[in-house]
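Before any comments, here is the structure.
Counting starts at 1 for both ligands and their atoms, following the listed order. For the numbers below, each heavy atom of this structure counts, side chains included, while hydrogens, waters and symmetry mates do not.
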Amino acid sequence: MRIDILTLFPEMFDAVLGTSIPKRAAEKGLVSYHLTNIRDFATDAHKSVDDKPFGGGPGMVMMCQTIFDAVESVERQDASGSIRILLTPQGRLFDQSVAEELATKDRLLFIAGHYEGFDDRISQGLKPMELSIGDYILSGGELAAMVVVDAVVRLLPGALGAEDGAADESFADGLLEHPQYTRPREFRGMTVPEVLLGGNHAEIAKWRLAQRRERTKQRRPDLWQAQLDKDVERRSR
Ligand code: ADE
């Protein structure tokens with residue numbers, strides 16, 4: 001997979017892409033990261049990338065020209081078509097199913113903006129997939145792009161070691177994870193559930209599934225309701 005990131009702050013990505021699983025995935029050749037500074041495509045003396053909104057109002061708006069030129073220049077570097085992704089609080093809410101869908105693509109191009117927002121013709125003209133990572137406003141799309149890149153890259157086949165395994169994680173099947181414990185067996189009076197110490201794998205699997213269901217019901221009634229709806233749908237088929 002090739003990942004292009006268009007941003008005014010490429011240096012923000014160094015820590016995330018240079019650490020842990022995103023770094024290892026690049027070292028293994030599963031993914032390559034290409035950062036482009038949008039400001040390099042500014043054509044005026046001030047290297048402008050934003051301007052005041054027509055109609056008035058606070059803040060600045062990212063201009064069309066620099067972003068269109070940056071996208072077109074980067075896309076010319078490689079013949080394979082890219083999935084364009086614009087990070088914005090107006091986008092579709094990012095979740096594990098979107099991560100799984102993106103992990104099947106050969107090329108992703110992220111556009112991370114700053115300031116109050118984007119000229120709407122960027123969406124109209126470039127027709128990107130618009131993604132939001134949650135109902136809150138960040139100072140820019142960079143952190144959101146990092147969240148999406150991290151969630152996607154760890155799904156690439158071979159990115160996780162055999163010991164990590166993504167299969168039974170939260171959300172893979174719509175349930176939260178069961179509780180985990182490691183040594184010691186007792187810590188400050190708190191003990192590990194007996195069933196995990198016995199080595200009866202069938203019993204352990206049963207206990208874990210029950211815990212996952214209970215946790216989901218308690219903590220995420222929205223996910224639990226989706227499970228119930230799925231059950232009803234399955235039974236009616
Ligand atoms: N840019 C600013 N806030 C954002 C959010 N919540 N998700 C994606 N991009 C953003």
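- In this structure, Glu194 has no side chain to side chain donor-acceptor pair (under 3.5 Å) partners at least two apart in sequence or on a different chain.
- Using a 4.5 Å cut-off on side-chain heavy atoms (C-beta onward), Val98 and Leu131 make contact.
- The salt bridge (Lys or Arg N to Asp or Glu O under 4.0 Å) check on Lys217 picks up nothing, with sequence neighbours excluded.
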List, pair by pair, the atoms of ligand 1 and of the protein that are both N or O and lie under 3.5 Å apart, giving the separation rounded to 0.1 Å.
unit_1	atom_1	unit_2	atom_2	d
ligand 1	3 (N)	Leu138	N	3.0
ligand 1	6 (N)	Gly134	O	3.1
ligand 1	6 (N)	Tyr136	O	2.8
ligand 1	7 (N)	Ile133	N	3.0
ligand 1	9 (N)	Thr88	N	3.2

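- A salt bridge links Asp4 with Arg107: the closest approach of a Lys/Arg side-chain nitrogen to an acidic carboxylate oxygen falls below 4.0 angstrom.
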Would you tabulate the side-chain donor-acceptor contacts of residues 58-75 under 3.5 Å, counting partners in other chains and residues two or more places apart, or write 'none'?
unit_1	atom_1	unit_2	atom_2	d
Gln65	NE2	Phe41	O	2.9
Gln65	NE2	Asp69	OD2	2.8
Glu75	OE1	Arg84	NH2	2.7
Glu75	OE2	Ser82	OG	2.8
Glu75	OE2	Arg84	NE	2.8

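- Taking each heavy atom of Leu176 and Thr216 in turn, the nearest pair found is N-OG1, 3.0 Å.
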